[in-house]
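Below is one structure; the comments refer to it alone.
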Amino acid sequence: MSLSRSDFQVICDWIRPNSRVLDLGCGNGELLRELSRHQGVSGYGIEIDDKDISQCIRAGVNVIQRDLDLGLSDFDEDSFDFVILSLTLQASNYPHRLLGEMLRVGAEGIVTFPNFGNITSRIQLGLGGRMPVNRTLPLEWYNTTNIHLCTLKDFEELCEKLDIEILERRAVSHNHKAGPGLKLFPNLFGEIALYRFRKKQAVAA
Amino acid sequence: MPEAIPQNSVGLVKPSTFHFDQPLALDCGETLDAYDLVYETYGELNPSRDNAVLVCHALSGTHHLAGYYNMEDRKPGWWESLVGPGKVIDTNRFFVVGVNNLGGCNGSTGPISINPATSKPYGPDFPMVTVSDWVESQNRLTQKLGIKQWAAVIGGSLGGMQVLQWAIDFPDSLRHAIVIAAAPKLTAQNIAFNEVARQAIRTDPAFHSGHYYEHNTIPESGLRIARMLGHLTYMSDDIMAEKFGRALREGSINFDYGIEFQVESYLRHQADSFVGTFDANTYLLMTKALDYFDPAASSGSDLSSVLASVSADFFVLSFTSDWRFSPQRSHEIVKALHDNDLNVSYAEIESHHGHDAFLLALPQYISVFGSYMDRVASECAK
């Protein structure tokens, strides 16, 4: 299979076959379609964009048009095995609340976001003195939808605060090349960060 | 009249009637021993008989979805914008059926029909009919038409409620349920609007307790008020501001009770055209069917448990400025469906046209609805 985004491949590897999945900000439904075709996954996408809704529907993907910032109150607790938020966290109004909501309705969460700690961004801001514009962050500061950018370290600190246990972490480049630098310094070389996580489990007495 | 029938219209159409002798036991406890259903069809039923689509109508709708009756016909069917060759409900691909509901006044048995027991019109003695009575009668029509399973059952507003009831009562008889600008039950405010409309009709001196036919009159002023009230709840504040604003018909105010504001003129025009075509007893029955609709009532208001037996795939649509059947009400339907892990998609169309938006060919509405119908068509035999 060939997927249009490098984070999709990792997500497909992480998702167990025949799971129930909720994909927040599912775009044109590519990931859900792939998961349902090859891994027997079922579930729903949530999307706000009109064009994407039409494309999902045409592709036979279950999609619900809704603003994620309004929360997931229509979904009951523990309705899904996985709740995915790919390249959308940084565009949400309340990332911390959304993470909480993800783990309310699902057993595990998967989040991917553009790493603001990437070396290109650091150079553009640190040396150039300007807001980064690059292939993971293609828009200018004034028209970008990315209003809550963070680094791997920032995200992990928030997880700690929210009692979220990180199960797996991956940092990838845009074209999914995994050099040795990526492994050693993910916060510096990773362009896209991927996390799989769940609520911290109570330790058995 | 159309100078020439537009290319993308189904053209000239003719209604048909089926007579049913099998008694129909109604929810209200009464039985209709025999009745007629008038219907129209467009397009061809394919040899596998799997491309049939049923369109359920709303409060004042009819079986006449599309096309013209003759070249003098001023207006096409009520869903001409969406039903026709190459349109969203594409009559080149689907065999489309529209049926007039029982209790109606357009050919199916209703208050204006002759009651065989008295040889007089039923009038107010026509039994109360419910959404599930309608669906039962439509199911009998389905059998008469030789259709085993609808590719889709589609409806807006009260029509959407029928779609929901279809999916509950006959889960194997439809593959797709398309519910537009509907609700799983009316709110108190909605029932209240209906009650005001009913009171307007019932307190009109010409109503004669519903026996106005015998007095050769109609409760015209009551029906007018009912229609005006209904109509303004189908529009949004924004669209009324855009269409009429405070524009005056004659440019200045006259300090009298004639038609001064354009919006008054519009409402009166709506009332005029309605009074000539719609029966007051039918209006009363239809509003009652709306009020009574509550498929979850028998399950402690738990819509999710009622929908547990449903197997159709759902597409639910709402319109942002619709305050009579707001998006929130569609969310309730969607939630009950995904609570049951059913296939459901939901689109919330940005529009300032209020409830009536479901009748219009709005671009995003056409886009998502058309995409869904493509999918429905792709599952039908060629």
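Letters A, B, ... mirror the listed sequences (proteins, then strands); counts begin at 1. As the structure is a prediction and not an experimental result, all values here were calculated from the model.
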- Task: Using non-hydrogen atoms and a 4.5 Å limit, figure out which bit of B:Val344 sits close to chain A: side chain, backbone, both or neither.
- Result: both
- Note on the structure: Applying a strict 4.5 Å limit to non-hydrogen atoms, the region of B:Leu337 in contact with chain A is backbone
- Select one option (side chain, backbone, both, neither) describing which atoms of B:Asn343 are under 4.5 Å from chain A's heavy atoms. both
- Query: Crowded around A:Arg135 CZ? As in, over 12 foreign heavy atoms under 6.0 Å?
  - Reply: yes
- B:Val368 versus A:Ile57, closest heavy-atom pair with distance: O-CG2, 3.9 Å
- Message: I'd like to know whether CD of A:Glu157 has more than 12 heavy-atom contacts from other residues, nucleotides or ligands below 6.0 angstrom.
- Response: no
- Task: For atom CD of A:Glu168, decide whether the heavy atoms of other residues, nucleotides or ligands shown that lie under 6.0 angstrom number more than 12.
- Result: yes
- Which distance, rounded to the nearest 0.5 Å, do you find between the CG of B:Asp339 and the OG of A:Ser79? 7.0 Å
- For B:Glu350, does the CD atom sit with more than 12 other heavy atoms under 6.0 Å from it, leaving out its own atoms? no
- Could you tell me whether A:Lys200 atom NZ has more than 12 heavy atoms of other residues or ligands within 6.0 Å of it? yes
- Message: Within this structure, what is the NE2-CG distance for the pair B:His338 and A:Asp76, rounded to the nearest 0.5 Å?
- Response: 8.0 Å
- Taking atom CD of B:Gln7 as the centre, does the number of heavy atoms from other residues, nucleotides or ligands within less than 6.0 Å exceed 12? no
- Message: Assess, by modelled atom type and distance only, whether the side chains of A:Ser54 and B:Ser371 contain a donor and an acceptor separated by less than 3.5 Å.
- Response: no
- Could you tell me whether the side chain of A:Asn62 and the main chain of B:Ser345 form a donor-acceptor pair under 3.5 Å? no
- Message: For the OH atom of B:Tyr372 and the CZ atom of A:Arg58, what is their distance to the nearest 0.5 Å?
- Response: 13.5 Å
- Task: Look at the side chain of B:Gln364 and the backbone N and O of A:Asp50, then say whether any donor-acceptor pair between them is shorter than 3.5 Å.
- Result: yes
- Query: Say you draw a straight line from CD of A:Gln65 to OG of B:Ser318; how long is it, rounded to the nearest 0.5 Å?
  - Reply: 8.5 Å
- Message: Shorter than 4.5 Å, heavy atoms on both sides: which option in B:Ser367, B:Ser378, B:Pro327, B:Gly370 has the most such pairs with chain A?
- Response: B:Ser367
- Query: Side chain, backbone, both or neither: which part of B:Phe315 has a heavy atom under 4.5 Å from chain A?
  - Reply: side chain
- Would you indicate whether B:Asn8, at its atom CG, is surrounded by more than 12 heavy atoms from other residues, nucleotides or ligands within a distance under 6.0 Å? yes
